[in-house]
Structure formats: C-alpha cells, structure tokens
Visitor: 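Structure incoming, see below.
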2 protein chains.
Amino acid sequence: MQLGNVTKRSKTETKRTYDDACGLAHALDLVGERWAMLILRELAYGGRRFSGLRKDLPGISANVLTQRLAELEERGLVRKSRLPPPASVQVYEATDWALEVTPLIGRLGKWAARSPRHDPTLPLSHASIMMSMQVMIDPERAGDLSGRFGFRFGEVSYVAELSDGEIAVERGPLINCDVRFSGTPEEVAGVIYGGAPLDTLHPEGDLELAGRYVAIFPLPEKAA
Amino acid sequence: MQLGNVTKRSKTETKRTYDDACGLAHALDLVGERWAMLILRELAYGGRRFSGLRKDLPGISANVLTQRLAELEERGLVRKSRLPPPASVQVYEATDWALEVTPLIGRLGKWAARSPRHDPTLPLSHASIMMSMQVMIDPERAGDLSGRFGFRFGEVSYVAELSDGEIAVERGPLINCDVRFSGTPEEVAGVIYGGAPLDTLHPEGDLELAGRYVAIFPLPEKAA
DNA sequence: CCGTATCCAATAAGATACTG
DNA sequence: CAGTATCTTATTGGATACGG
C-alpha cells in the first residue's frame, strides 16, 4: 500500500496533509479542516467555553469539536486556559499567532458575501456579526465618525470602538459607551444591512450617533 | 435520519454546508473543500489544462480533480474555455470573482509560512512560487527598485513586473524583460529565501539588477 | 493524450448515548 | 458542563478501465 500524502502520526491518528511547500497548502494543513476556521472566528474576541462554542457553531458535534480543539492546540493555535476565580472555568483561547489570521478570515467572509448563493437569513453568531462590522465598514461613509458602541446579545456583550474609519472590537462590559444596542445578531444584521428600523435594537444613549453608525455598512454588490 | 446540515442537491450528490449566515461559513461552502483553494492558486495566472493541474497538485486524483472543477464551475468560480486555434485545447480558468480571492489565499499562505512546522523542502509549483513572491516582497527592501523579471520553468514562463514595492505577475512569454531567470520553482525559492547562489538560476540580462531583485524577499520569522 | 466513470479501501464527519 | 465512546454515513484517494 502506498501512503501518498497520508502521514501517520500515532497508532490511532492519521492525517492527510498536502505534500506541498506552498504556504497556502500549509495553511490548509493547519486550519483547512472542516470547522477549524469557524472555531477561530468564535475565538477572535476572547476565550470561549466548550459549550458556548458548540452552541454558536450550528451543527458541530461534540466529538468533532473536541478533536478540532485538540488539533488546533497541538498546532499552536489554541490554548486551554482557566479563568481567574471566582469563575474558574476552563476556556479555549486563540494564541497571538492565530489571532493574526482572523482578519484574513474576515476578509474571506466579505468576499463570499458577494456570492449570489449567500443566504443572509441563516443564523448568525455574535462573534460573526462583530467581525462582519469590522470588515464591511465603508471608511468613506464613516468619515470622521467616532465613538464607542455597545452591543448586548443576551448574556454576552461587545464594544465596537470606531475611529478613523476602522472598528476595534472587544468582548466585555459596556462601559463608557456613547450608544448601547441590544438584540440578536440577526437583528443587528437586519438593521445595518437590511435597512430594518433602528428601534429594533433599542438604542440607548446618543440616538443621533446611533443612526449614523448603522448607516456606514454598505450591502456588498453581488458578483455575477 | 436527520439531515442536519447535509443538503441534498441531486440524487447522487450531497453536500455538507454550514448553516450559518456568516460570510466565512459561506466562503468555506464555496472553496472550503479539500484541494479547492489550491486549484484556485493554480488558476491565478491564467487558464490551465486538466493534466497540468493534476501534475502541479501533488497527490490529487483524477476523479477528485474532476469533481472539484465541476463544483467550482457550478458555483461560478471556474469556467471552461477553449484556447484559440491552433492550440484549440480546453482549459479551466478562474472567473473574475474567483480572481478576487487569490490575494487573500496568498496572504493565508504568508501567514502559515511562519509556522514552525512549515517544511519548505517539499515540492512547489510554478504558480506557488510566483504568488509567493507577490506576497512576501518587503516594500522597504524593494525601495524604488523596478523592472521586468522573467522566470522560465521548463515550458512555462512568467513575468514579474516590479514597481512601487509591488509585483504584478503574468504568465506568458518573456518579452521586454530586464532579467531572465530559469530553473525549478524550488531553486527559485532556494535563492530568494534560502540564500542559495544567484547562479543557480542562470540569470541573463542585467545581472546587478538580478542580484538586487532576489534580495527583497525576507524570510518570515517563525511564530511561537 | 485528455479527460471521465467506476469500484474499493481508508479517513473524516455526524448522531447519539453515556460518564465523571 | 465537558467531554468520550460507539456506530453510521460521507468523502477522499488510488487503481483501473473506458470513450474521444
């Protein structure tokens, strides 16, 4: 039997690799397996628990999530860590190196959103919609608009800090925000991309600023 | 049986899709399957024949290549086309939309080349090394260096046009080149990344320019 | 030579039940 | 909650045979 590009790694684990020095091939060896990039997307703004990942990755099964996390950890992209007491729960977090690839996966997403087949009515995770804002913002429309915009999705909240036509995102409490929105990720998408009324997101704070913020995200024109 | 995210597309073909509105998930539905991005890499600089693709994708089998090309065509990323006579052969080429994703693919490769596991001694295709130059160039080192640099890999040749710290690549005859190199893709990598002697590539033309060109590609520093 | 189609073996992914 | 274990299904790869 010829092994070809099947590399034996241990008695029980084998792995298909591309025998190719091209960096892209290696990228796919690292994060090209099913679910891997979506896991990194979910880890882009901080550590997450197993169950949270499972909830926000529609359709992943526990064994596959376990396996992906173990592989990503072995490859130096994910690290297990324990939150300080009183939480003391274990979370998975992306390493610095893995965080460098998240802007690229965001741009992959922007590219694909132009597909005629893209269905924006499917469910959306909170990490997805935050990353979407970072990548879809039109710096021209944003102009010199700036501020701190809070988003509350149930238990989880994020702050998007806008300045110079760019958005920095962090997960965490809504402190010092000029505007606070709340709703589901899908509702946020409906307002910023679908023209749904601003009230959907129950804005609090500077409502005029809120209205200007939600208008800086153009819908991508479909490709072919 | 529950179908979950397995979508029936026809009697014989089923397809796993991510039920996720995130653009990234859709990107992976489009080009996330094994070999798909590598095929787009090979098509980045012009149409290729089936056998050429097969040769430059080490380990792909004919049936998988056939299937990927058919899927990519159906999704609007690849088109079959016939070269004008007297060649009259059929080639597969990337659509304009697909060509927009190739720079992202290149940057994914650049990111992954920083992996400690990356093995640069594996085989390399001519498209890979050309894309690698586009993405690995250091604009600082390049300064205001400019020129047309030809690369001959056996039957196939490319021109890399350098100006303003950027490289435009096209496949085709070596006309109007300031320098012409020839060798294998691996030899080119050895010279520009591994510090192998310039002579390896049998440079012709402006040899001083040749020496300056091969010095503008820094080796990526390893992450972790 | 340029692909396609078919068959088979090996992996990877998914569903579900179950344990600490 | 955080995973394992087990079983089933789907995809991939390799060989080979076939049609233009």
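Values in this document were obtained by computation on a predicted structure and should not be read as measured data. Letters go in sequence order (proteins before strands), and every chain restarts at 1.
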Visitor: Select from B:Phe50 and A:Arg68 the residue whose nearest nucleotide in DNA chain C is closer to the 5' end of that strand.
Guide: B:Phe50

Visitor: Round to a whole Å and report the spacing from CD of B:Glu155 to P of C:dC1.
Guide: 14 Å

Visitor: Counting only side-chain N and O atoms of B:Gln90, is one of them less than 4.0 Å from OP1 or OP2 of C:dG3?
Guide: yes

Visitor: Provide, to the nearest angstrom, the distance between the CG atom belonging to A:Leu65 and the C1' atom belonging to D:dA5.
Guide: 16 Å

Visitor: Looking at D:dT6, does its base get a donor-acceptor pair with the side chain of A:Asn63 below 3.5 Å?
Guide: yes

Visitor: Would you say B:Gln67 reaches C:dT4's phosphate, i.e. side-chain N/O to OP1/OP2 under 4.0 Å?
Guide: no

Visitor: Rounded to whole Å, please give me the gap between CD1 in B:Ile60 and P in D:dA15.
Guide: 15 Å

Visitor: Would you mind reading off the distance between B:Lys55 atom NZ and C:dG3 atom C1', rounded to a whole angstrom?
Guide: 16 Å

Visitor: Would you say A:Gln90 and A:Ser81 are linked by a side-chain donor-acceptor pair, where the criterion is simply a distance under 3.5 Å?
Guide: no

Visitor: Both A:Gly52 and B:Val64 contact DNA chain D. Taking the nearest nucleotide for each, which residue is further toward the 5' end?
Guide: A:Gly52

Visitor: Determine the interplanar angle of the A:Trp111 and B:Trp97 rings, folded into 0 to 90°, and report it as parallel if under 30°, tilted if 30 to 60°, perpendicular if over 60°.
Guide: parallel

Visitor: In this structure, how many angstroms lie between the C1' atom of C:dA12 and the CZ atom of A:Arg16, rounded?
Guide: 7 Å

Visitor: Could you work out which one of C:dG14, C:dA13, D:dA2 sits closest to the side chain of A:Ser51?
Guide: D:dA2

Visitor: Counting only side-chain heavy atoms from C-beta out, which of C:dC2, C:dT16, C:dA13 sits nearest to A:Arg54?
Guide: C:dT16

Visitor: Under 4.0 Å between a side-chain N or O of B:Arg49 and OP1 or OP2 of C:dC1?
Guide: no

Visitor: Identify whether the distance between the nearest side-chain nitrogen and carboxylate oxygen of A:Glu42 and A:Lys55 falls below 4.0 Å.
Guide: no

Visitor: Could you give the CG-to-P distance, from A:Leu57 to C:dA13, as a whole number of Å?
Guide: 14 Å

Visitor: How are the rings of B:Phe217 and B:Tyr213 set relative to one another: parallel (under 30°), tilted (30 to 60°) or perpendicular (over 60°)?
Guide: perpendicular

Visitor: Using OP1 and OP2 only, check whether a side-chain N or O of A:Ser61 sits under 4.0 Å from C:dA15.
Guide: no

Visitor: Does the pair A:Tyr158 and A:His126 meet the rule for a ring pair (Phe, Tyr, Trp, His ring centres under 6.0 Å), with working shown?
Guide: CA-CA 9 Å; A:Tyr158 291 80; A:His126 36 86; 5.6 Å; yes

Visitor: Would you please confirm or rule out a distance under 4.0 Å between OP1 or OP2 of C:dA12 and any side-chain N or O of A:Trp35?
Guide: no

Visitor: Let me know the distance between CZ of A:Arg82 and C1' of D:dA2, rounded to the nearest Å.
Guide: 11 Å

Visitor: Round to a whole Å and report the spacing from OH of A:Tyr92 to P of D:dC1.
Guide: 14 Å

